[in-house]
Amino acid sequence: PDIPVIDQAYSKLSNSITVEWRAVPGATSYLLTAQNGDSFTETVVANSPGTVTGLKPATLYRITIRSINSGGKSQPSPFRKAKTVLAAPILSVSSPSCDSIAVSWKAVYMAAGFSVSLMRSDGLGRMLKNTTNTSLIFTNLDPGTLYTIKAYAWTVSGIPGDDFTYNQRTSPNAPADVQVAFNSGALRAIVSWMPAEGALTYSVTASSGLLKLKCNTSSASCMVPSLQCGSEYYVSVTAYNDAGSSKPTDAVSLKTIPCAPVNISIEEDESDHLLVSWSSVNFGHYYVVFVKSDDGLEVHCNTSHTQCHFQSDCGFTYFISVFAYNKAGQSPLGDVFNYTTAPCCPGDFQAVLVSSDTVQVSWAPARGAEVYETRAVGWRGAVLCNDSATACTLSALQCSTRYNIAVYSFSEARGSNTSCASKDVATAPCSPEIKNISKEAPSVISVHWQSNNEEATYIVTARGEAGFWHCTSSGNSCTLISLPCGSAFSVSAIARSPAGQSLPSYSVPLETAPCCPNDLILTQVTQSVTNISWSVGMGAQTYVTTLESPKGQAKCHTLQNYCLLGCITCGTNYTVSLKAISETGLTSTCTYQGYSSSACCPSGVKLYRLGNNGIRVYWRPSDEMISYNTDLHGSKGNFTCAPNSGLSHCDITEIPCGDIYTVVVSPVTDKGLKLTFCPRKIYSGKT
């Protein structure tokens with residue numbers, strides 16, 4: 001095609017140049033070229049005008065155009081010089097205050113000055129400022145209002161460059177009419193305000209010292225949670241939009257409810273009264289103490305001080321809570337304290353001595369008591385009894401002792417109530433201790449004991465199969481009389497006093513000496529042997545019989561009630577004694593009437609025949625004062641001869657013949673008895 005001819009080349013944008021030319025017949029398209037030094041940019045367009053893009057701002061280019069068809073490209077047209085306009089300033093916009101907008105930018109190459117215009121988004125209130133600086137401020141604007149800012153640079157010749165448009169809203173004004181409503185139960189505050197023009201969000205700040213609590217919202221109210229009791233907060237509201245924040249509103253003071261009082265102490269400052277005290281709390285104008293007893297009764301106390309007095313009673317548990325108050329309301333519930341007063345003292349207290357060392361104590365139940373402690377204090381120590389029952393048995397008490405007995409009520413919370421009244425109870429006398437038993441006479445026994453109670457009367461009892469014997473004394477001995485012989489007794493003693501009767505003493509065995517046999521019979525068996533027999537003596541186990549004379553002694557020890565005594569001297573007077581001995585060795589010496597052994601048998605007995613039917617018997621007498629008797633015994637008859645005293649022979653006549661006779665010469669006893677143990681002689685009569 002033919003070479004096109006450029007009519008004009010101009011720049012409207014800093015990165016492009018627009019070219020106008022007349023159409024070339026037969027051309028289907030055109031090649032635009034912008035060259036700057038060694039660099040160039042080409043663009044194919046269909047017809048005029050055409051624009052070359054991708055150029056540098058404020059740069060002089062040589063512009064050529066070539067026409068194109070299917071046959072090829074024409075030669076370049078004569079060039080035209082064209083310069084791109086200045087680049088648009090890149091704006092940095094902010095709203096430093098609610099009524100101003102600050103605009104700044106970087107320097108633009110080849111720019112001699114700048115024009116900046118500002119207009120409300122609704123088209124009202126346009127402002128224009130020209131400057132050679134790179135920043136400026138628009139003031140006296142409406143808060144929270146959207147503005148459109150347009151800026152461009154211009155050359156020395158006044159040619160404007162590209163413009164830059166930016167929409168900017170002024171920051172909002174501080175909200176008005178801030179109201180704070182405090183919720184004491186939830187410890188939170190509801191903050192409300194009048195909406196600020198152009199504000200998108202709001203931030204509420206509640207400050208107390210270093211503590212800051214915030215809440216953010218897009219509405220005209222906000223809840224600030226988790227406030228602390230006993231604090232003063234300063235509440236302010238700040239409005240925000242995309243331009244920034246308003247100034248905080250003037251702080252509104254908020255005093256929260258007081259905290260629950262602490263360091264609560266409870267003590268009984270006097271009888272039947274409780275003193276409740278606590279530490280003062282911040283912003284606490286007055287206090288209310290609630291005291292509820294476990295029976296449901298509740299009382300309270302209002303005070304501006306830090307203590308209250310309440311009447312109390314024994315055996316109750318009191319639940320105590322303290323609240324502080326101010327204009328904001330009541331403090332939260334703090335610790336609920338329970339205080340248990342000492343349990344009441346048991347009523348109807350009784351102490352009864354039921355045995356020598358045992359006291360039965362009983363009482364009525366006491367309010368507040370869980371366990372009862374019964375204490376008996378004597379001079380030797382204390383005896384304790386712990387039980388939940390309303391009775392107690394104090395055993396193993398010291399005898400003959402005065403005890404101070406008290407029943408103390410006990411609770412786990414308060415321990416023992418030791419202010420309860422007591423009673424004195426004396427125990428029965430101690431059991432006497434028998435020290436000695438002595439015999440004053442066979443049937444008289446003296447009993448001696450250890451006396452341990454001056455008020456006591458002592459009773460001694462001897463028990464046995466024979467019966468009971470008693471004696472009484474206020475001293476330390478008494479005498480049992482008329483005790484039977486040969487008997488065994490168990491001797492014990494008791495003591496009696498106004499307090500009661502002691503337990504019996506340990507028994508001491510007592511045995512009286514055996515009884516002497518009533519009957520004693522002596523029978524001479526031979527000239528030197530005597531048989532002694534006697535009746536049984538009560539309590540005797542063995543017997544010792546003794547025959548004693550100046551010529552000697554004969555003795556026998558036996559279990560039987562008879563005995564043979566040998567070595568008896570004939571014709572001798574003996575004293576007779578018998579000892580009855582018990583199983584334990586007790587002895588009764590029994591004396592009986594004297595005993596005379598029989599006269600001695602004669603010696604030298606000789607027989608002389610006197611005719612056919614007679615015999616003369618001769619002997620030597622042992623004593624001329626003794627009479628003798630001669631006995632002749634045979635199968636055909638018995639014959640006796642009793643000569644006068646002093647004779648030493650005797651004649652027996654008319655003896656049948658043809659028989660064998662036994663001849664015995666024996667002395668005659670005082671009672672006229674003949675002794676049968678003298679020697680025998682044999683005599684044979686003639687046939």
| Any side-chain donor-acceptor pair under 3.5 Å between Y339 and R414? | yes

| request: Determine yes or no for a side-chain-to-main-chain donor-acceptor pair under 3.5 angstrom, with N417 supplying the side chain and S419 the backbone. | output: yes

| request: Walk me through it: do H273 and S312 pass the test side-chain hydrogen bond (donor to acceptor under 3.5 Å, both in side chains)? | output: CA-CA 5 Å; H273 280 84; S312 62; over 6 Å; no

| request: For T630 and L632, run side-chain contact (heavy atoms from CB on, under 4.5 Å): C-alpha distance rounded to whole Å, both residues' side-chain angles, the deciding distance at 0.1 Å, then the answer. | output: CA-CA 7 Å; T630 302; L632 187 138; 5.8 Å; no

| Backbone N or O of A493 within a donor-acceptor pair of the S505 side chain at under 3.5 Å? | yes

| message | Working note: I434 + V491, criterion side-chain contact (heavy atoms from CB on, under 4.5 Å); need CA distance, chi angles, decisive distance, verdict. | response | CA-CA 9 Å; I434 296 176; V491 180; 4.2 Å; yes

| request: Provide the closest heavy-atom pair for Y372 versus P365 in the form atom of the first, atom of the second, distance. | output: OH-CA, 3.4 Å

| request: Would you confirm whether S507, through its side chain, and S490, through its main-chain N or O, come within 3.5 Å as a donor-acceptor pair? | output: no

| Around L384, counting heavy atoms of other residues, nucleotides and ligands shown, do more than 12 lie under 6.0 Å from its CG? | yes

| query | Between T558 and Q560, does any side-chain donor sit less than 3.5 Å from a side-chain acceptor? | reply | yes

| At their closest point, which heavy atom of G381 faces which heavy atom of Y403, and how far apart are they? | O-CE2, 4.4 Å

When the side chains of residues 392-400 are checked against the rest of the protein, which donor-acceptor pairs come out under 3.5 Å, sequence neighbours left out?
from : atom 1 : to   : atom 2 : distance (Å)
T393 : OG1    : Q360 : OE1    : 2.9
Q398 : OE1    : R380 : NH1    : 2.8
S400 : OG     : N453 : ND2    : 2.9

| Nearest heavy atoms of Y408 and R375, plus distance in Å | CE1-NE, 4.0 Å

| field | Criterion disulfide (SG to SG under 2.5 Å) on C485 and C516, from CA distance to verdict | value | CA-CA 9 Å; C485 61; C516 288; over 6 Å; no

| task | Considering non-hydrogen atoms only, spot the tightest contact between S431 and L503 and give its length. | result | OG-O, 2.7 Å

| query | Given the rule in the disulfide (SG to SG under 2.5 Å) test, do C308 and C301 qualify, once you have shown the distances and angles that lead to the verdict? | reply | CA-CA 7 Å; C308 268; C301 161; 1.9 Å; yes

| message | Are W534 and Y543 an aromatic pair, judged by ring center distance below 6.0 Å? | response | yes

| Is it true that the side chains of E465 and S487 contain a donor and an acceptor less than 3.5 Å apart? | no

| request: May I ask you to establish whether K423 and F349 are in a cation-pi arrangement, using a distance under 6.0 Å from NZ or CZ to the six-membered ring centre and at most 45° from the ring axis? | output: yes

| request: Specify whether Y661 and F639 have parallel, tilted or perpendicular ring planes, treating 30° as the upper limit for parallel and 60° as the lower limit for perpendicular. | output: perpendicular

| request: Apply side-chain hydrogen bond (donor to acceptor under 3.5 Å, both in side chains) to T317 and N338, showing your working. | output: CA-CA 6 Å; T317 296; N338 62 69; over 6 Å; no

| query | Taking atom types as modelled and ignoring hydrogens, do the side chains of R367 and S409 form a donor-acceptor contact shorter than 3.5 angstrom? | reply | no

| said: Does F319, at its CZ atom, have more than 12 non-hydrogen atoms belonging to other residues, nucleotides or ligands within less than 6.0 Å? | reply: yes

| request: Please report the C-alpha distance between V605 and V617 in whole Å, then the side-chain angles of each, then the deciding distance to 0.1 Å, and finally whether the side-chain contact (heavy atoms from CB on, under 4.5 Å) criterion is met. | output: CA-CA 7 Å; V605 176; V617 182; 3.8 Å; yes

| said: For W363 and V407: C-alpha separation, side-chain torsions, deciding distance, then whether side-chain contact (heavy atoms from CB on, under 4.5 Å) applies. | reply: CA-CA 8 Å; W363 57 89; V407 178; 3.7 Å; yes

| query | Can you check side-chain hydrogen bond (donor to acceptor under 3.5 Å, both in side chains) on S416 and T418, steps first, answer last? | reply | CA-CA 6 Å; S416 295; T418 57; over 6 Å; no

| task | Indicate whether the side chain of T640 and that of D631 have a donor and an acceptor atom separated by less than 3.5 Å. | result | yes

| Would you say the side-chain atoms of S535 pair up with the backbone N or O of D519, donor to acceptor, closer than 3.5 Å? | yes

| S446 and E440 side chains, donor-acceptor separation under 3.5 Å | yes

| Sequence neighbours excluded, every pair satisfying disulfide bond (SG atoms under 2.5 Å apart) that has a member inside residues 346-377 | none

| Looking just at side-chain N and O atoms, do S355 and T358 make a donor-acceptor pair shorter than 3.5 Å? | yes

| Do side-chain atoms of S549 reach the backbone of Y574 as a donor and acceptor pair under 3.5 angstrom? | no

| message | I'd like to know if the side chain of W469 and the backbone of S482 have a donor-acceptor N/O pair within less than 3.5 Å. | response | yes

| query | Within a radius of less than 6.0 Å around CD of Q553, do more than 12 heavy atoms belonging to other residues, nucleotides or ligands occur? | reply | yes

| Test item: side-chain donor near acceptor, S438 and N436, under 3.5 Å | no

| query | Taking C-beta and beyond as the side chain, do F310 and V276 meet within less than 4.5 Å on heavy atoms? | reply | yes

| request: Compare the SG-SG distance of C345 and C314 against 2.5 Å and report whether it is shorter. | output: no

| said: Run the salt bridge (charged side-chain N to carboxylate O under 4.0 Å, His left out) test against K435 and tell me which residues pass, sequence neighbours left out. | reply: E433

| message | On a heavy-atom basis, which atom in K439 and which in A513 lie closest, and how many Å separate them? | response | NZ-N, 3.9 Å

| request: Indicate the ring-plane relationship of Y608 and Y618, choosing parallel, tilted or perpendicular according to the 30° and 60° boundaries. | output: perpendicular

| Is it the case that S598 and Q524 place a side-chain donor and acceptor less than 3.5 Å from each other? | yes

| said: Do the side chains of D659 and K636 get close enough for a salt bridge, i.e. N-O under 4.0 angstrom? | reply: no

| message | Testing the 3.5 Å rule here: is there a donor-acceptor pair between the side chains of T662 and H633? | response | no

| request: Specify whether F316 and Y318 have parallel, tilted or perpendicular ring planes, treating 30° as the upper limit for parallel and 60° as the lower limit for perpendicular. | output: tilted

| query | Is a side-chain donor-acceptor pair under 3.5 Å present for T461 with S492? | reply | no

| field | Under 3.5 Å donor-acceptor, T591 side chain and S577 backbone | value | no

| remark: To the nearest 0.5 Å, atom CD of Q527 lies from atom OG of S666 at 11.0 Å

| remark: Closest non-hydrogen contact found for T479 with C471 is O-CB, 3.3 Å

| task | Count the heavy atoms belonging to other residues, nucleotides or ligands that lie under 6.0 Å from CD of E298, then report whether that count exceeds 12. | result | yes

| Result of checking L564, T530, I568 against V525 for side-chain contact (heavy atoms from CB on, under 4.5 Å) | L564

